[in-house]
Amino acid sequence: MLHDLPIRYINPVYRPPSEAQSLILPVTDGCSWNRCTFCEMYTAAQKRFRARDEAEIVHSLQQLGASPLRDQVRRVFLADGDALVLPTRKLLVVLCAIREHLPAVHRVSSYCLPRNLNKKSVAELRELNEAGLRLAYVGAESGDDTVLARVDKGETFATTVAALEKLGAANISRSVMILNGLGGLEYSAAHARHSAALANATQPEYLATLVVSFPAGEQRFRAAYPEWQTPDIAALLREQEQFIAALELNRTVFRSDHASNWLSLRGNLPQDKGRLLAELRSAIAAPQNAPLRPAWARGL
Ligand SMILES: C[S@@+](CC[C@H](N)C(=O)[O-])C[C@H]1O[C@@H](n2cnc3c(N)ncnc32)[C@H](O)[C@@H]1O
Ligand code: SF4
């Protein structure tokens, strides 16, 4: 949906795979934190963080509302890296304008950092939910505080749990991302264990794993974490097995099908846990027979 729309896009624009059919509506450019050493998504000069003018966003929505897309758009993803950094009042203006000009929209979502919620109360989040915000994608990346500090995520197990609980209390669904391999070999077991503990403590509606990858090179990451030992495919799969084995989830959609993953896994937890572990174990035991993604098909 990026072409011929009355919306100003500054490339690159990222969205979760599950937002492929959504209208991408930038309400900020870049990421307000932009310090995670593994992430190059918003480091280009044109992606320097700034909030967009309310008038520009509302004008785009008015134009969409006067176009044939008015009754076709069902989902909206608020871009860029952490749209919930905006003040609640401004987010409410955007959500109300979506409701007014795109009446068929039933789901608005965005990326969100735990720190974005520090100054928002559950009551404010409920207001956002009632105005249409249904889903927040939270890049927890790890539940291990050492790993989080090594990659300068600026969050901890405790801050992430608190934010996910706040979202849950406001009825906003949570989609949590964990980065397979982020702790290298040294912290692999602790990363798997503590990441599972984070999911167990918060019971997110959606949980996804991606494999940490460096298409722009490892230089920035290694500068902060020089002893990081690159996990090979077998180590990544073993870590994934430990992570899934430790999950105790009551009702979570699990996805490990992002293009960065070597082995694509999908299931509902808890019922598919045994099958997912069996798929992983057979890939670990006989990788030559496993449906591993070829290296050329992997990406971010
Ligand atoms: C565009 S970012 C925005 C998310 C949001 N700012 C946050 O941190 O929660 C979406 C996710 O992409 C993933 N990501 C970023 N850099 C990555 C990398 N080098 N390899 C694999 N996944 C990466 C991380 O899981 C990150 O949370
Ligand atoms: S992972 Fe998220 S918070 Fe970290 S730099 Fe990337 S977009 Fe920003």
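Each ligand, and each atom within it, is numbered from 1 in the order the structure gives. Source: prediction; values computed, not measured.
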Which protein N or O atoms sit under 3.5 Å from any N or O of ligand 1? Give each pair with its distance.
| unit_1 | atom_1 | unit_2 | atom_2 | d |
| --- | --- | --- | --- | --- |
| ligand 1 | 6 (N) | G81 | O | 2.8 |
| ligand 1 | 8 (O) | K153 | NZ | 2.7 |
| ligand 1 | 9 (O) | C112 | O | 3.3 |
| ligand 1 | 9 (O) | G139 | N | 2.6 |
| ligand 1 | 19 (N) | F38 | O | 2.7 |
| ligand 1 | 19 (N) | S213 | O | 2.7 |
| ligand 1 | 20 (N) | S213 | N | 3.0 |
| ligand 1 | 20 (N) | S213 | O | 3.4 |
| ligand 1 | 25 (O) | E141 | OE1 | 2.7 |
| ligand 1 | 27 (O) | E141 | OE2 | 2.7 |

* Hey, which atoms in ligand 2 end up nearer than 4.0 Å to a heavy atom of K153? -> 1 (S), 2 (Fe), 3 (S), 4 (Fe)
* Asked: Is R150 close enough and on-axis enough to Y225, meaning under 6.0 Å and within 45°, for cation-pi?
  -> yes
* To do: Check whether any side-chain heavy atom of V76 sits under 4.5 Å from a side-chain heavy atom of L78, and report yes or no.
  => yes
* Asked: In this structure, which one of R255, R134, R174 forms a salt bridge (Lys or Arg N to Asp or Glu O under 4.0 Å) with E205?
  -> R174
* Option from N11, D80, D29, N34 for which side chain to side chain donor-acceptor pair (under 3.5 Å) with K47 holds -> D80
* E19 and R107 ion-paired at < 4.0 Å -> yes
* Asked: Using heavy atoms and a threshold below 4.0 Å, how should the contact between L113 and ligand 2 be classified: side chain, backbone, both, or neither?
  -> side chain
* Go through the side-chain N and O atoms of S32 and D82 and say whether any donor and acceptor fall under 3.5 Å apart. => yes
* Crowded around R50 CZ? As in, over 12 foreign heavy atoms under 6.0 Å? -> yes
* Verify whether one side chain among S188 and E239 offers a donor that lies under 3.5 Å from an acceptor in the other. => yes
* To do: Please report the closest heavy-atom contact between C112 and A136, naming both atoms and the distance.
  => CB-CB, 4.0 Å
* **Distance filter under 2.8 Å, centred on atom 6 (Fe) of ligand 2 - protein N, O or S atoms that pass it** => C39 SG
* **Q219 atom CD, over 12 foreign heavy atoms within 6.0 Å** => no
